[in-house]
Amino acid sequence: MTTAPPLMVFSDLDGTLIDQHTYDWTPAGPALNALKEVGAGVVLASSKTAVEVDALRSEMGLSGWPAIVENGAGLLGAHAAPDSMVDQYTRLLAALDALPDALRSSFVGFDDMSAAELSAATGLSAKGADQAKQRAFSEPGTWYGSQEEKEAFLSQLQEQGIVAQQGGRFLTLSFGGTKAERVSALKMEYAPKITIALGDAPNDISMLEACDYGVVIANPARAPLPPLNGEDGGRIHRTTGAGPAAWNEAVLDFLARHNLT
Ligand SMILES: [Mg+2]
């Protein structure tokens, strides 16, 4: 365990630190360098899998910090390799397969789909779909049965400690954990003096509200987030620009305001 960092940054990836379409993060390079200089921790927090996040984490030179993966269902430890953690996923799939056929067959998860089918369903590239299928903590999928059957499905899974989160596109099953819960645990572990979160979407709200400061990165592709707790007092602010360029500007500005440069 290192000494407490002066600042810990928790950041979403898609539409926040990486461009939603090109996946480019390099416009944020100057701010990432500045954070390194002051010894700030940078924790990536994404719905992506450990395999997907690990590749970006290493490109960004952030492998010395943990990362929150699969929307908070899992944590990729500092310097940890993503293939060290498949136990929970194996248990999750086993619990699914133990359900009565009538319920099991109405849920089609990523594991039930080929990479080509997943690519067609999501628009991910072939490589992206392959990486998205390499899961360790959670299973997103689509429910095709009735509402009544869905309740039976979820209550039988709940008996085994499995919870469901309905996202914009998929119903995601896991043994629990959210981005905000992971942020709280990491705050306890690292005891940073100041924390700041950056995100663009509804699944970032609790993380933005859980830190000392929050930055909502504008995302022209979706409706703006509702007013957040702490926004009135100026603890949370919104950028006008989008993606990694806005991230860069917001972080450099934050460092300057807090005399951290
Ligand atoms: Mg996002």
Next item on the list: Could you give me the CA-CA distance, side-chain angles and deciding distance for Glu59 and Trp25, then say whether side chain to side chain donor-acceptor pair (under 3.5 Å) is met?
Entry: CA-CA 10 Å; Glu59 271 180 37; Trp25 57 269; 2.7 Å; yes

Next item on the list: Determine whether more than 12 heavy atoms belonging to other residues, nucleotides or ligands lie under 6.0 Å from atom CG of Asn33.
Entry: yes

Check: Rounded to the nearest 0.5 Å, what separation is found between the CD atom of Gln131 and the CG atom of Leu118?
Finding: 12.0 Å

Check: With side chains defined as the heavy atoms from C-beta onward, is the minimum distance between Pro202 and Arg222 less than 4.5 Å?
Finding: yes

Margin query: Which heavy atom of Ala132 sits nearest to which heavy atom of Glu52, and what is that distance?
Written below: CA-OE1, 3.9 Å

Notebook entry, point to check: What is the minimum heavy-atom distance between Ser46 and Val53, and which atoms define it?
Noted result: CB-CG2, 4.1 Å

Next item on the list: Evaluate the side-chain proximity of Ile18 to Lys48: yes if any heavy-atom separation is below 4.5 Å, no if none is.
Entry: yes

Next item on the list: Would you list the pairs meeting ring pair (Phe, Tyr, Trp, His ring centres under 6.0 Å) in which at least one residue belongs to residues 90-131, sequence neighbours left out?
Entry: Phe107-Phe153, Phe110-Phe170

Item checked: same_hphob_cluster(Leu252, Val9) at 4.5 Å side-chain heavy-atom cutoff -> no

Checklist line | Derivation and outcome, salt bridge (Lys or Arg N to Asp or Glu O under 4.0 Å), residues Lys179 and Asp204 | finding: CA-CA 7 Å; Lys179 284 186 178 184; Asp204 298 316; 2.6 Å; yes

Next item on the list: Examine distances only and state if a side-chain atom of Gln160 and a backbone atom of Leu157 form a donor-acceptor pair shorter than 3.5 Å.
Entry: no

Check: For Gln20, does its backbone N or O pair with a side-chain atom of Asp14 as donor and acceptor, under 3.5 Å?
Finding: no

Notebook entry, point to check: Can you hop from Val251 to Met60 via hydrophobic side chains spaced under 4.5 Å?
Noted result: yes

Margin query: Any non-hydrogen side-chain atom of Glu249 less than 4.5 Å from a side-chain atom of Thr239?
Written below: no

Notebook entry, point to check: What are the two closest heavy atoms between Ala218 and Pro220, and how far apart are they?
Noted result: O-CD, 3.9 Å

Checklist line | Closest heavy-atom pair and its distance - Leu198, Met207 | finding: O-CE, 3.7 Å

Note to self: Donor-acceptor pair, distance only, cut-off 3.5 Å: does the side chain of Glu149 make one with the backbone of Ser146?
What the structure shows: yes

Margin query: Quick one: does any side-chain atom of Lys133 pair with a main-chain N or O of Met113 as donor and acceptor, under 3.5 Å?
Written below: yes

Notebook entry, point to check: Are Asp97 and Arg104 close enough for a salt bridge, meaning some N to O gap below 4.0 Å?
Noted result: yes

Margin query: If we count only N and O atoms by modelled type, under 3.5 Å, do the side chains of Gln134 and Asp130 hold a donor and an acceptor together?
Written below: yes

Note to self: Would you compute the distance between atom CG of Asp19 and atom CG of Asp24 and round it to the nearest 0.5 angstrom?
What the structure shows: 7.0 Å

Check: Should the pair Arg235-Glu209 be classified as a salt bridge under the 4.0 Å nitrogen-to-oxygen rule?
Finding: no

Check: Could you state the interatomic distance from CG (Leu32) to OG1 (Thr26), rounded to the nearest 0.5 Å?
Finding: 10.0 Å

Next item on the list: List the steps, then state whether side-chain contact (heavy atoms from CB on, under 4.5 Å) holds for Leu173 with Leu96.
Entry: CA-CA 10 Å; Leu173 310 174; Leu96 264 177; 3.9 Å; yes

Note to self: If you compare all heavy atoms of Ala102 against all heavy atoms of Ser105, which two are closest, and at what distance to 0.1 Å?
What the structure shows: O-OG, 3.6 Å

Margin query: Side chains of Ser11 and Trp247: any donor to acceptor distance under 3.5 Å?
Written below: yes

Next item on the list: Go through the side-chain N and O atoms of Ser184 and Glu181 and say whether any donor and acceptor fall under 3.5 Å apart.
Entry: no

Check: Transitive ILVMFWY cluster of Val216 at side-chain heavy atoms under 4.5 Å: who else is in it?
Finding: Ile205, Leu208, Leu225, Leu228, Ile236

Check: If two hydrophobic side chains count as joined below 4.5 Å and joins carry through other members, does Tyr23 share a cluster with Leu44?
Finding: yes

Check: Is the backbone of Met8 close enough, under 3.5 Å, to the side chain of Lys187 for a donor and an acceptor to pair up by distance?
Finding: no

Next item on the list: Start with the C-alpha gap between Lys150 and Leu154, add the side-chain angles, then the distance that decides, and say whether side-chain contact (heavy atoms from CB on, under 4.5 Å) holds.
Entry: CA-CA 6 Å; Lys150 184 179 177 184; Leu154 294 179; 4.2 Å; yes

Note to self: If I take atom OG from residue Ser47 and atom CG from residue Leu13, how far apart are they, to the nearest 0.5 angstrom?
What the structure shows: 8.5 Å

Checklist line | Tyr213 ring center near His237 ring center (under 6.0 Å) | finding: no

Check: Does His258 reach the side chain of Ile194, with side-chain heavy atoms less than 4.5 Å apart?
Finding: yes

Item checked: Atom of Trp65, atom of Gly39 and distance for their closest heavy-atom approach -> CZ2-O, 4.5 Å

Margin query: Is there a path of hydrophobic side-chain contacts, each under 4.5 Å between heavy atoms, that joins Leu92 and Val163?
Written below: no

Check: Should we say atom NZ of Lys36 is surrounded by more than 12 heavy atoms from elsewhere, each under 6.0 Å from it?
Finding: yes

Next item on the list: Answer whether the closest heavy-atom distance between the side chains of Leu255 and Leu7 falls below 4.5 Å.
Entry: yes

Next item on the list: Calculate, to the nearest 0.5 Å, the distance between atoms NZ and CG belonging to Lys193 and Leu260 respectively.
Entry: 9.5 Å

Margin query: For a side-chain contact (heavy atoms from CB on, under 4.5 Å) check, start with the C-alpha distance between Asp212 and Ile196, then their side-chain angles and the critical distance, and finish with the verdict.
Written below: CA-CA 6 Å; Asp212 299 327; Ile196 181 172; over 6 Å; no

Item checked: Between CD on residue Glu151 and CG on residue Leu103, distance to nearest 0.5 Å -> 12.0 Å

Hey, can you pull the donor-acceptor pairs under 3.5 Å for the side chains in residues 66-78, sequence neighbours left out?
from  : atom 1 : to     : atom 2 : distance (Å)
Glu70 : OE1    : Phe137 : N      : 3.1
Glu70 : OE1    : Ser138 : N      : 2.6
Glu70 : OE1    : Ser138 : OG     : 2.6
Glu70 : OE2    : Ala136 : N      : 2.8
Glu70 : OE2    : Phe137 : N      : 3.4
Asn71 : OD1    : Asn203 : ND2    : 2.9

Note to self: If hydrophobic clusters are built by linking Ile, Leu, Val, Met, Phe, Trp and Tyr wherever their side-chain heavy atoms come under 4.5 Å apart, do Leu62 and Phe254 end up in the same one?
What the structure shows: yes

Notebook entry, point to check: So Ile162 and Gln158, side-chain contact (heavy atoms from CB on, under 4.5 Å) or not? Walk me through it.
Noted result: CA-CA 5 Å; Ile162 295 166; Gln158 198 173 28; over 6 Å; no

Check: Side-chain contact, heavy-atom cut-off 4.5 Å: Arg135 with Asp111?
Finding: no

Margin query: Whether the side chain of Ser119 engages the backbone of Ala115 through a donor-acceptor N/O pair (distance < 3.5 Å, no angle test) should be reported.
Written below: no

